[in-house]
Structure formats: structure tokens, C-alpha cells
Amino acid sequence: DIGDAIDDAWALAWIIKSEQLDLKLVVSSCGDSSQLASRADVAAEILEAAGVEIPVCVGVPSFRCMEQHSGSYFTPPAAKRSRLVHDGDTLEEMWRVAQQYGSKEKPIIIICIGAAHNVAAAHRRFGDEFAACVRIQGMYGRLLHPDYVAQAEGWPQYSLRDAEVQVVFNDYNSRGGVPDNEAREGEKGKAVAVMLEAPFVAIDLCSLSAVGEAMKHFPPELSQRLHESDDPLARTILKMDGQYDDKIRALLKADP
């Protein structure tokens, strides 16, 4: 959901800067066609600031995202979209990357920090051949606490191996991993269930709450270095971060 809350913009920047990762494709997620296109534009702006030449795809339409933060740093529609935004079939592009760079012995990694619909749609079209060369690393799931039983009704639930606990999954990690029961009944959990039950080489998951705990240890001195950086990528993200902060301040001011 890049373009709403700021965390995914920073996440994309970290991936770009990582020496352990070789980014090949970015796919937007969460929202209708218009929102998905705006998210792709934001991702393309970040890649261009970093001088990275890879395609950005408009994802598969899914449910709305957090309306509270909607479009907090969307860029105004340009007369001409970035040349990085791929105008072809998104699922075919995902398949191309998986086939070109992945194998069962050395699978590509799909890092999922948004809705599961893109992965589910690719598997539905290309089947187990797609799963055979892909490893999933995603931010999904929450331990099923008694307080969440009512909210979790109708969503996929799985037992952890060798443990007497269950994890509940929704199609998106909003509300700290607690499913939103406003979702249409017939579509509950279908995308995430397809992803979890497909024979991917591996599926590694962490919950949103675990990420929140990790962020408590973010060094203040690193934040200061980012604000003082002349790096074009850092400056671009900080500008977006400022737009996001302005939106939050406006919301807080309007909240009685």
C-alpha cells in the first residue's frame, strides 16, 4: 500500500540499498485500478531517485486500504507516466521474472508487504510451475488470541507445527494482523489461503506486531544520519515522509 502510510516507501528504499538483495520487479498492491496506478507511480519515483532501472507493475485489484491515510503522498498524475511503469500484463511479467531468475535450487524471493492477491493470481494462472521457483517472505498472520475470536470468524486459521496455538490470516496485514470482518463474506481469505497452500519452495512469515517490536530498537543516530544525508534516494523518501506527516497532523487536528 505504498502511498498511504510511509513504511513501505522506506522498505523499498532499504531493499534498493541492500547488498544482499538484487531487486528485479516491483508490483503495487491494495486498492482499485486507480489507486494501484498511483502506487506504481510512487514506487517508480523512488526507483528513479536511486537510479534503478527495473519495471514497476500495476497490481491486481483488491479491497480498499486504510482510508485514513489514503494517498497521503501520492504524486500528482503526470502527463506522461514513468517509463519504468510496465504497461503490459502484470502476471506475465511476474512469470517472466520467476522463470528467468528462479529455480527450485535457487528460487527467487517475493517479499510481500501488502495484499496477497498478486501472488495468488499468479499461482492461479501459472500453477505449481510458478510456485516451484519462488520463495515467499511475507508479513501476514497473528496468533489467535481469545480477544480476537469474533473478528477472526470466517478467516483462514492454521495450527502451528508442534504447538497448541493457531494463527489467523487475513488477505492484508492491517489492524495489526486482525482480520477486517467488513470484507465480503464470499471472498474472505481466499487470496492468502491460495498463497499459503500452494507448493512454494518455502514460505517465511512474520506478523505486523513483530515488525513493530523490531522498530523499537531502531537507532536514533541512524535516523539523524538519514535526515542529514545528501543521497537522492534518502531525500526523496524524506520528502514523502514529510507529506505523510502533514496528513497525520491534519487528521489529528480534525479529530475531536
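Since we're looking at a predicted model, the values are computed, not measured.
Nearest approach of Ala13 to Ile237, heavy atoms of both residues: CB-CG1, 4.0 Å. The shortest non-hydrogen separation linking Lys24 to Tyr101 is CE-CE2, 3.6 Å. Closest of all the heavy-atom pairs between Tyr244 and Ser72 is CD1-OG, 3.3 Å. For the pair Ala234 and Ser229, the tightest heavy-atom approach, listed with the atom from each and the gap, is CB-OG, 3.9 Å. Contact record, Pro61 with His117: O-CD2, 4.4 Å, taken as the closest heavy-atom pair. Heavy atoms only, all atoms of each residue included: Ala44 and Leu84 are closest at O-CD1, 4.0 Å.
Heavy-atom contacts from other residues, nucleotides or ligands closer than 6.0 Å to CD of Gln99 number more than 12.
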### Task
Given side-chain contact (heavy atoms from CB on, under 4.5 Å), test His86 with Leu25 step by step and report yes or no.
CA-CA 10 Å; His86 183 69; Leu25 178 68; over 6 Å; no
### Task
Verify side-chain contact (heavy atoms from CB on, under 4.5 Å) between Ile54 and Leu47, making sure each step is shown before the conclusion.
CA-CA 8 Å; Ile54 62 165; Leu47 292 170; 3.8 Å; yes
### Query
Is there a side-chain contact (heavy atoms from CB on, under 4.5 Å) between Leu226 and Trp10 once you walk through the steps?
CA-CA 11 Å; Leu226 283 169; Trp10 282 113; 4.1 Å; yes
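Within the 4.5 Å cutoff, no side-chain heavy atoms of Asp4 are placed close to those of Tyr73. With contacts defined as side-chain heavy-atom distances shorter than 4.5 Å, the pair Val42/Glu45 does not qualify. Between Leu91 and Val60 there is a side-chain heavy-atom pair separated by less than 4.5 Å. In this structure the side chain of Ile2 reaches within 4.5 angstrom of the side chain of Ile46, judged on heavy atoms.
For Asp128, the side-chain hydrogen bond (donor to acceptor under 3.5 Å, both in side chains) test picks out His123, with sequence neighbours left out. For Ala98, the side chain to side chain contact (heavy atoms under 4.5 Å, CB included) partners are Ile108, Phe130, Cys133, Val134, not counting sequence neighbours. With sequence neighbours left out, the salt bridge (Lys or Arg N to Asp or Glu O under 4.0 Å) criterion links Arg125 to Asp89, Glu92. For Trp95, the ring pair (Phe, Tyr, Trp, His ring centres under 6.0 Å) criterion is met by Phe126, not counting sequence neighbours. Under the side chain to side chain contact (heavy atoms under 4.5 Å, CB included) criterion, Ile15 pairs with Leu21, Leu23, Ile111, not counting sequence neighbours. Applying the salt bridge (Lys or Arg N to Asp or Glu O under 4.0 Å) criterion to Glu197, with sequence neighbours excluded, gives no partner residue. Legend: residues meeting salt bridge (Lys or Arg N to Asp or Glu O under 4.0 Å) with Lys239, ordered by chain and number and at least two apart, are absent. Partners of Glu53 according to the salt bridge (Lys or Arg N to Asp or Glu O under 4.0 Å) rule, which considers only residues two or more places apart in sequence or in another chain, are Arg83. In this structure, the side chain to side chain contact (heavy atoms under 4.5 Å, CB included) partners of Pro219, at least two apart in sequence or on a different chain, are Glu221, Leu222.
Asp41 places no side-chain N or O within donor-acceptor distance of the main-chain N or O of Ser82, the cut-off being under 3.5 Å. Checking side-chain atoms of Asp8 against main-chain N and O of Ala11 turns up no donor-acceptor pair under 3.5 Å. Between the side chain of Arg39 and the backbone N or O of Gly71 there is no donor-acceptor pair closer than 3.5 Å. Judged purely by atom type and a 3.5 angstrom limit, Arg135 has no side-chain atom pairing as donor or acceptor with the backbone of Phe200. Side-chain atoms of Ser18 do not come within 3.5 Å of backbone N or O of Trp14 as any donor-acceptor pair.
For the atom pair CE (Met240) and OG1 (Thr236), the distance works out to 6.5 Å, reported to the nearest 0.5 Å. Here the CD1 atom belonging to Ile109 is positioned 11.0 Å from the CD atom belonging to Gln20, to the nearest 0.5 angstrom. Rounding to the nearest 0.5 Å gives a distance of 10.5 Å between CG of Asn118 and SG of Cys30. For the atom pair CG of Asp204 and CE of Met139, the computed distance is 14.5 Å after rounding to the nearest 0.5 Å.
The residue from Thr90, Ile110, Val56 that alone fulfils the side chain to side chain contact (heavy atoms under 4.5 Å, CB included) condition with Val27 is Thr90.
Sorted by first and then second residue, the salt bridge (Lys or Arg N to Asp or Glu O under 4.0 Å) pairs involving residues 222-232 (not counting sequence neighbours) are Lys17-Asp231. Applying the salt bridge (Lys or Arg N to Asp or Glu O under 4.0 Å) rule to pairs touching residues 96-108 yields Glu93-Arg96, sequence neighbours excluded.
Residues Val58, Val85 make up the rest of the hydrophobic cluster containing Leu36, defined by ILVMFWY side-chain heavy atoms closer than 4.5 Å, directly or through other members.
Tracing side-chain contacts under 4.5 Å through hydrophobic residues (I, L, V, M, F, W, Y), one never reaches Leu196 starting from Val201; they form parts of separate clusters.
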